[in-house]
Amino acid sequence: MVRLITHNLLACHAKGCTSNNFPLRFENARVELREAEFNGDFLQGFLPKIEWNALVDTAKQLGDTSLPPEQPEMTDDEFLKNLHHVLMEIHVEEGVMICPNCSRNYPISNGIPNMLLADYEIA
Amino acid sequence: MIPTPDLSHLTSKDYDLVYEPAEDTFLLLDAFETQAGVLRELQPKICLEIGSGSGCVSAFLASILGPSSLYFCTDINPYACTCTRNTGTQNKVVLDCINASFAKPLMLRLRHSVDVIVFNPPYVPTLEDEAEDAQNDHDIRGSWAGGQDGMSVTNLFLQDVETLLSSKGFFFLVALKDNDIPSIQNRMLQDHGLQSKIILQRRAGREHLFILQFERVDKAIALEG
Ligand SMILES: C[S@@+](CC[C@H](N)C(=O)[O-])C[C@H]1O[C@@H](n2cnc3c(N)ncnc32)[C@H](O)[C@@H]1O
Ligand SMILES: [Zn+2]
């Protein structure tokens with residue numbers, strides 16, 4: 001499973017691809033929703049690490065529009081519930097992630113993203 | 001005692017393709033058990049295992065630290081990623097698996113963010129070509145083939161540790177006596193400002209295994225001051 005919390009931390013690392021290499025764009029994504037235990041403290045602690053625009057855009061691509069366009073300064077329960085759902089419960093099981101800069105494709109199959117590079121692509 | 005993870009879902013067919021937990025694995029689990037207090041105190045948010053194989057180590061770590069951390073697991077062997085994920089499910093912990101070399105796709109976003117890094121690397125001294133082929137073919141030979149002094153693969157990751165490690169984080173490494181442990185410790189200190197100690201060692205057959213624990217020098221200074 002590629003959860004959106006993981007997706008928010010993955011960047012293209014092909015040789016020479018060092019700017020505009022994040023976030024990877026999903027294509028042909030097959031999504032599965034799986035319930036996860038809510039942990040408000042964890043979410044609060046993780047907020048500073050999130051690239052907000054990337055998360056909101058990616059969620060939108062996958063059909064979830066529950067997050068506000070700007071990261072709120074004050075977090076309420078409803079916001080955290082939505083954030084929990086987007087980060088932890090949306091799983092991409094199949095599809096491709098595409099680098100916005102060099103267009104390198106990273107396939108996801110059976111929930112495992114293949115981020116391996118060929119010899120000649122390694123920086 | 002913290003129970004060893006349930007691996008009953010893995011069969012000998014899996015172990016034809018993926019490293020079966022062995023003395024090195026269990027030494028690492030024992031080391032975590034001795035450090036359980038320190039690890040819990042750290043309240044990690046992000047743990048990262050390089051080369052997770054069966055997933056035994058990360059499942060154990062997750063059973064110590066609980067669900068308030070993320071557990072990222074990478075492996076070059078795609079079968080290892082599948083086994084790791086299933087081991088997570090079997091043990092009711094979530095292990096986020098990425099089929100990748102070291103932490104390459106995470107380097108940009110996890111800069112100075114990882115609280116616990118673990119690597120039980122391919123540490124067996126082999127011909128350089130053997131290590132290189134294993135790395136390129138992403139198969140089970142990559143579980144042990146370590147090239148010159150058994151350090152060819154490990155050395156590549158040692159370059160990335162400081163970039164990933166959070167200010168209070170720990171890095172745990174399995175090493176053999178033949179890997180020249182004093183040299184590893186010196187280089188990490190001189191080149192990356194990471195000091196280390198041996199937290200556990202054991203002889204298992206021909207192998208003399210060590211667990212090294214690294215942390216930032218500046219953290220120690222900050223705590224003392
Ligand atoms: C000695 S096994 C350890 C497996 C498991 N962590 C354990 O302790 O039982 C080493 C693992 O590292 C993986 N590996 C080798 N080179 C790697 C690399 N460059 N990046 C990620 N994983 C690698 C191998 O596929 C293998 O699963
Ligand atoms: Zn790219």
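Not measured: the values here are computed from a predicted model.
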Point to revise | Donor-acceptor contact below 3.5 Å, side chain B:R109 vs main chain A:T6 | key: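 Here the side-chain-to-backbone pair does not exist.
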
Exercise for review: Using a heavy-atom cutoff of under 4.5 Å, enumerate the residues of residues 50-68 of chain A that contact chain B, numbered in order, or state 'none'.
Suggested key: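 Counting heavy atoms that sit under 4.5 Å from chain B, the residues of residues 50-68 of chain A involved are A:I50, A:E51.
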
Review point. Within residues 20-37 of chain A, which positions have a heavy-atom distance to chain B below 4.5 Å?
Key: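 Expected list: A:N21, A:F22.
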
Using a 6.0 Å cut-off, check whether atom [atom1] of [X] has over 12 heavy atoms from anything other than its own residue.
X	atom1	value
B:K168	NZ	yes
A:D77	CG	no
A:E121	CD	yes
B:Q43	CD	no

Check your understanding: At a heavy-atom separation under 4.5 Å, does B:L110 approach chain A through its side chain, its backbone, both, or neither?
Key ->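 The side chain, not the backbone.
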
Review point. Side chain, backbone, both or neither: which part of B:L108 has an atom under 4.5 Å from a heavy atom of chain A?
Key: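 Side chain of B:L108 only, per the 4.5 Å heavy-atom cut-off to chain A.
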
Check your understanding: Taking all atoms of both residues into account, what is the closest heavy-atom pair of B:S101 and A:L116, and its distance?
Key ->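 Between these two residues, the closest heavy atoms are N-CD2, 3.8 Å.
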
Point to revise | Residues of residues 71-97 of chain B with any heavy atom under 4.5 Å of a heavy atom in chain A | key: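 Listed by number, the contacting residues are B:F72, B:I76, B:C81, B:T82, B:R85, B:V94, B:L95, B:D96, B:C97.
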
What option among [options] has the most heavy-atom pairs under 4.5 Å with chain B?
options	value
A:P113, A:S109, A:C12	A:P113
A:N8, A:N110, A:I5, A:D41	A:N8
A:I122, A:V2, A:D119	A:D119

Exercise for review: For the pair B:S68 and A:N39, evaluate side chain to side chain contact (heavy atoms under 4.5 Å, CB included) and give the outcome as yes or no after the intermediate values.
Suggested key: CA-CA 7 Å; B:S68 46; A:N39 184 337; 3.7 Å; yes

Review point. Just how far is it from atom NZ of A:K49 to atom CG of B:L70, taken to the nearest 0.5 Å?
Key: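 The NZ atom of A:K49 sits 10.0 Å away from the CG atom of B:L70.
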
Review point. Which bit of A:N114 is near chain B, if near means a heavy-atom gap under 4.5 Å: side chain, backbone, both or neither?
Key: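 Looking at A:N114, backbone and side chain both touch chain B.
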
**Study point:** Listed once per pair and sorted, the ring pair (Phe, Tyr, Trp, His ring centres under 6.0 Å) pairs that draw on residues 115-156 of chain B, sequence neighbours left out
**Key:**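 As it turns out, the ring pair (Phe, Tyr, Trp, His ring centres under 6.0 Å) pairs with a partner in residues 115-156 of chain B, which skip direct neighbours, are B:F119-B:F157.
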
